[in-house]
Structure formats: C-alpha cells, structure tokens
**Q** 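Here you go, one structure.
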Amino acid sequence: MDARSLRGLAHPLRMRILDLLTLDGPDTATGLGRRLGENTGTVSWHLRHLADHGFIEEETGRGTRRERWWRAVRVSRRLDTNDFRDDPDSRGALSVYLHETVHRDFDQVTGYLAEDWGPEWRDAGTLSRWADLRLTAEQLASLNAELEAVVLRHREAAARGGVAPEAEEARPVIVQLQSFPRKERDER
C-alpha cells in the first residue's frame with residue numbers, strides 16, 4: 001500500500017465499510033448505512049472515496065441509478081509500517097489505520113466468543129498464545145513468513161476446489177496473527 005492509498009483508507013468508517021464489503025460481499029449505501037448506523041449520504045460519500053482509491057468498485061448491471069451496488073476489489077493490502085513511520089505526511093494516517101485495525105480484530109474476536117457455535121466450530125477455532133519464545137528479529141520474521149505461507153496454502157487449496165466455499169459446512173474464517181517483541185522488565 002502506498003502513502004496515497006493509506007491516507008485514502010485511514011478513516012474509521014471507510015475501514016468498516018471496506019471490511020463489510022470484503023467479508024459479506026456487495027451492498028448498497030442504504031444497506032451499509034443501516035448495518036453501520038450511519039446516514040446513507042455519509043456512507044455514499046465514503047464509498048466514492050474508497051472507489052477513487054481503488055479499494056472498491058461499482059457492481060455494474062446490478063441495481064439502479066439510485067441504488068448502486070458496491071463490491072470490494074481483491075487487491076493486496078500489505079502494509080509495511082516502516083515505509084511510513086518517518087514520513088510526517090503519513091504518520092497520522094498510519095496511526096489511524098493501525099488503531100482501527102487493532103479495534104476491528106478485537107471486535108471480531110469478542111464477537112466470536114459471544115456467539116453460540118456448535119461444538120464442531122467451537123472446538124475448531126482457537127485463541128492461542130505462546131509467550132515463552134525467545135527469538136531474534138530474523139527468526140521472528142521467518143516465523144511470520146512460515147505462518148503466512150500456511151494460510152496462503154489453505155486459501156489456494158480452497159480456491160482450487162479443495163473446499164467448496166458454497167458447501168453447507170463451509171464458513172467464512174478469519175485468521176488473525178499477532179506476533180511482536182516484548183520489552184524485558186529492565187528495559188521498560
């Protein structure tokens with residue numbers, strides 16, 4: 001993601017809109033406004049802003065001139081925070097983006113915990129934490145790359161027909177990975 005894209009996305013409502021379109025599929029400004037508790041005009045303005053930055057596009061052939069359907073564009077949204085930390089013009093947008101990302105992830109986890117799932121899904125999900133690792137920066141980067149490769153392998157297998165996304169037993173799955181160094185007690 002470049003600085004222009006980051007500034008275009010780094011708004012709490014735009015990030016929530018994009019997340020809904022990515023997770024749940026196409027919708028209208030009216031539908032999104034109802035789901036988000038926002039004014040349709042406000043949502044419509046943010047939809048156009050997201051489209052201007054290439055995050056979403058209008059779904060042509062669906063709806064009317066007054067009822068436009070929007071869908072997320074499947075593009076990589078990989079963000080290397082090092083690209084923006086020393087850029088004063090992007091630092092604020094980076095802060096908003098990271099803050100909203102953490103809150104979104106937290107809300108998704110607490111939502112999952114509050115929902116009533118059957119035992120097969122309750123037992124399949126996990127909230128795991130390992131705090132007994134001691135790694136170098138290179139080893140941590142390697143760990144993250146390996147974990148990402150596993151997720152991508154499963155996504156590609158599903159896309160090739162290993163799992164039919166329409167299958168009755170298939171559900172959308174969110175994988176959240178958080179790995180970061182921790183300051184030692186005497187460094188704080």
Side-chain angles (χ1 to χ4, degrees), residues 1 5-6 9-28 31-38 43 46-47 50-51 53-57 59 62 69-81 94 96-133 135 139-182:
M1 191 179 323
S5 297
L6 176 62
L9 181 58
H11 183 281
L13 183 55
R14 282 195 288 272
M15 290 179 70
R16 288 173 39 216
I17 289 169
L18 182 58
D19 204 40
L20 287 177
L21 292 175
T22 300
L23 294 173
D24 298 333
D27 206 342
T28 63
L32 290 164
R34 187 172 36 254
R35 292 168 69 192
L36 295 166
E38 294 286 342
V43 171
H46 285 290
L47 285 166
L50 286 167
H53 286 84
F55 291 108
I56 66 170
E57 63 188 6
E59 195 168 66
R62 184 174 185 180
W69 283 80
W70 299 91
R71 67 175 168 225
V73 173
R74 196 154 171 91
V75 295
S76 172
R77 291 192 201 107
R78 180 172 284 261
L79 176 72
D80 184 349
T81 59
L94 177 63
V96 168
Y97 178 83
L98 294 174
H99 182 266
E100 291 303 315
T101 297
V102 169
H103 278 278
R104 178 207 56 207
D105 292 353
F106 175 79
D107 288 345
Q108 288 171 339
V109 170
T110 56
Y112 161 71
L113 293 173
E115 294 165 349
D116 188 24
W117 290 96
E120 71 279 4
W121 285 104
R122 191 176 50 243
D123 296 342
T126 185
L127 299 177
S128 300
R129 181 173 187 242
W130 298 273
D132 57 349
L133 292 167
L135 304 173
Q139 289 170 321
L140 178 58
S142 176
L143 172 66
N144 288 330
E146 288 180 52
L147 293 169
E148 181 180 6
V150 170
V151 172
L152 294 176
R153 187 177 73 235
H154 282 269
R155 182 196 304 161
E156 290 165 5
R160 287 191 312 269
V163 175
E166 309 81 41
E168 189 174 310
E169 67 275 6
R171 296 251 185 214
V173 172
I174 296 172
V175 177
Q176 296 180 359
L177 172 62
Q178 300 172 16
S179 62
F180 47 87
R182 179 181 71 81

**Q** Side chain of Arg122, backbone of Trp117: donor and acceptor closer than 3.5 Å?
**A**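 Confirmed, Arg122 side chain pairs with Trp117 backbone.
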**Q** Any heavy-atom pair between the side chains of Asp24 and Arg35 that's under 4.5 Å?
**A**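 Yes, their side chains come closer than 4.5 Å.
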**Q** Within the structure provided, determine whether Leu133 and Leu140 are in side-chain contact (heavy-atom separation under 4.5 Å).
**A**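 No, every pair of side-chain atoms sits at 4.5 Å or beyond.
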**Q** Taking atom CD of Glu115 and atom OG1 of Thr110, what is their separation to the nearest 0.5 Å?
**A**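 Answer for the CD-OG1 pair, Glu115 versus Thr110, is 9.5 Å.
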**Q** Any chance you could measure Met1, atom CE, to Thr81, atom OG1, to the nearest 0.5 Å?
**A**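 If I round to the nearest 0.5 Å, the distance is 11.5 Å.
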**Q** Can you find a pair of side-chain heavy atoms, one from Leu127 and one from Val109, that are under 4.5 Å apart?
**A**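 When only atoms from C-beta onward are counted, Val109 and Leu127 do touch, with a gap below 4.5 Å.
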**Q** Can you name the salt bridge (charged side-chain N to carboxylate O under 4.0 Å, His left out) partners of Arg71, sequence neighbours left out?
**A**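 For Arg71 the salt bridge (charged side-chain N to carboxylate O under 4.0 Å, His left out) partners, ignoring immediate neighbours, are Glu57, Glu59.
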**Q** Looking at every non-hydrogen atom in both residues, tell me the closest pair between Pro12 and Val96 and how far apart they are.
**A**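 Heavy atoms of Pro12 and Val96 come nearest at CD-CG1, 4.2 Å.
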**Q** Atom CD1 in Ile17, atom CG in Leu21: separation rounded to 0.5 Å?
**A**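 One finds 7.5 Å between CD1 of Ile17 and CG of Leu21.
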**Q** Could you measure the distance from the CZ atom of Arg14 to the CD1 atom of Ile56? Nearest 0.5 Å is fine.
**A**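 These two atoms lie 10.5 Å from each other.
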**Q** For Leu32 and Leu47, what are the C-alpha separation, side-chain angles and deciding distance, and is it a side chain to side chain contact (heavy atoms under 4.5 Å, CB included)?
**A** CA-CA 10 Å; Leu32 290 164; Leu47 285 166; 3.8 Å; yes
**Q** With a cut-off of 3.5 Å and sequence neighbours excluded, list every side-chain donor-acceptor pair involving residues 100-108.
**A**
| residue | atom | partner | partner atom | Å |
| --- | --- | --- | --- | --- |
| Thr101 | OG1 | Tyr97 | O | 2.8 |
| His103 | NE2 | His99 | NE2 | 3.1 |
| Gln108 | OE1 | Gln176 | NE2 | 3.1 |
| Gln108 | NE2 | Asp19 | OD2 | 3.3 |

**Q** Holding to side-chain contact (heavy atoms from CB on, under 4.5 Å), I want the full list of residues that pass it with Arg153, two or more places apart in sequence or in another chain.
**A**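 By the side-chain contact (heavy atoms from CB on, under 4.5 Å) rule, Arg153 matches Val150.
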**Q** In Å and rounded to the nearest 0.5 Å, what is the CG to CG distance from Leu135 to Asn144?
**A**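 Answer rounded to 0.5 Å: 9.5 Å.
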**Q** Ignoring hydrogens, what is the shortest heavy-atom contact between Gly54 and Val73? Give both atom names and the distance.
**A**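 Taking every non-hydrogen atom into account, O-CB, 3.7 Å.
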**Q** Between Leu20 and Asp27, does the side chain to side chain contact (heavy atoms under 4.5 Å, CB included) criterion hold? Intermediate values first, please.
**A** CA-CA 9 Å; Leu20 287 177; Asp27 206 342; over 6 Å; no
**Q** Quick one: pull up CG in Leu18 and CH2 in Trp70 and give me the separation to the nearest 0.5 Å.
**A**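 Result: 13.0 Å between the selected atoms.
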**Q** Do you know the tightest heavy-atom contact between Pro26 and Arg62?
**A**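 Nearest heavy atoms, Pro26 then Arg62: CB-NH1, 3.8 Å.
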**Q** Check the pair Val173, His154 against side chain to side chain contact (heavy atoms under 4.5 Å, CB included), reporting the backbone distance first and the verdict last.
**A** CA-CA 11 Å; Val173 172; His154 282 269; over 6 Å; no
